[in-house]
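The block underneath contains the structure these notes are about, expressed in structure tokens.
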Amino acid sequence: QVQLVESGGGLVQAGGSLRLSCERSGRTFSSYAMGWFRQSPGKERDFVAAISRSGGTTSYTDSVKGRFTISRDNAKNTVYLEMNSLKPEDTAVYYCVASGYSGTIYLSQRDLYKYWGQGTQVTVSS
């Protein structure tokens, strides 16, 4: 059973920073591509960022490029999302996801991800 536990959400002013963490249970963390999706009230759950198994490939939605950075520490079974220059439109529940996908091309595809965390709220005030 794969479990994902997110942490690091909270309330921050526009222009501020937050770092989300997601710890995955189990001993085969490096066998999973990892990512983050987010959902605002009344909207679809959208792709934010993802990282391949090895960490050698990352993918971002256009609206966060240059502001967000995804990284992973396979020794700690943890994936991170560093969020800088936050905007009110980044306000959402952020979900950590995991997939056994071994490639790099389709990292942004929601259907790829079998495992989802419970989500952590990020609120950016203007």
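Numbers for residues simply follow the sequence, beginning at 1.
For the pair Tyr113 (side chain) and Leu107 (backbone), a donor-acceptor distance under 3.5 Å is present. Judged by distance alone, the side chain of Thr120 and the main-chain N or O of Glu6 form no donor-acceptor pair under 3.5 Å. Under the 3.5 Å distance criterion, the side-chain polar atoms of Thr91 are left unmatched by any main-chain donor or acceptor of Ser40. The closest donor-acceptor contact from the side chain of Thr57 to the backbone of Ser52 lies at 3.5 Å or more, if one exists at all. Remark: side-chain polar atoms of Arg72 are not paired, donor with acceptor, to backbone N or O of Gly55 under 3.5 angstrom.
Annotation: salt bridge (Lys or Arg N to Asp or Glu O under 4.0 Å) contacts of Arg38 (sequence neighbours excluded): Asp90. Applying the side-chain hydrogen bond (donor to acceptor under 3.5 Å, both in side chains) criterion to Gln39, with sequence neighbours excluded, gives Arg45.
The ring pair (Phe, Tyr, Trp, His ring centres under 6.0 Å) analysis of residues 78-105, with sequence neighbours excluded, yields no pairs. Pairs passing the salt bridge (charged side-chain N to carboxylate O under 4.0 Å, His left out) check and including a residue from residues 100-123, sequence neighbours excluded, read Glu44-Arg110. Within the structure, the ring pair (Phe, Tyr, Trp, His ring centres under 6.0 Å) test picks out the following pairs touching residues 45-68 (sequence neighbours left out): Phe37-Phe47. Residue pairs satisfying the salt bridge (charged side-chain N to carboxylate O under 4.0 Å, His left out) criterion with at least one member in residues 115-126, sequence neighbours excluded, are absent.
Contact detail for Tyr32 and Ala98: the closest heavy-atom pair is CD2-CB, 4.2 Å. The nearest pair of heavy atoms linking Ile51 to Ser71 is CD1-CA, 3.8 Å. Shown here for Gly9 and Leu20, the closest heavy-atom pair between the two residues is N-CD2, 3.6 Å. In terms of heavy-atom proximity, Ser126 sits nearest to Pro88 at CB-CG, 3.9 Å.
Between Lys87 and Val124, every side-chain heavy-atom pair lies at or beyond the 4.5 Å cut-off. The side-chain heavy atoms of Asp46 and Thr61, taken from C-beta on, include no pair separated by under 4.5 Å.
Val97 and Val48 fall into different hydrophobic clusters, defined by Ile, Leu, Val, Met, Phe, Trp and Tyr side-chain heavy atoms under 4.5 Å apart, directly or through other members. Note: the hydrophobic cluster containing Val93 does not contain Val5 (ILVMFWY, side chain heavy atoms under 4.5 Å, direct or indirect links).
Results of the side-chain contact (heavy atoms from CB on, under 4.5 Å) test with Met34 over Asn74, Ile70, Leu4 single out Leu4 as the only residue that passes.
One distance of note links CG of Asn77 with CD of Glu23; it measures 6.5 Å at 0.5 Å rounding. Expressed to the nearest 0.5 Å, how far OG of Ser21 lies from NZ of Lys76 amounts to 9.5 Å. Atom-to-atom distance recorded for Trp36:CH2 and Leu81:CG is 6.0 Å, nearest 0.5 angstrom.
Side chain to side chain, Gln121 and Thr123 meet the donor-acceptor criterion of an N or O pair below 3.5 Å.
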Item to complete: List the steps, then state whether side chain to side chain contact (heavy atoms under 4.5 Å, CB included) holds for Trp116 with Cys96.
Response: CA-CA 6 Å; Trp116 292 71; Cys96 177; over 6 Å; no
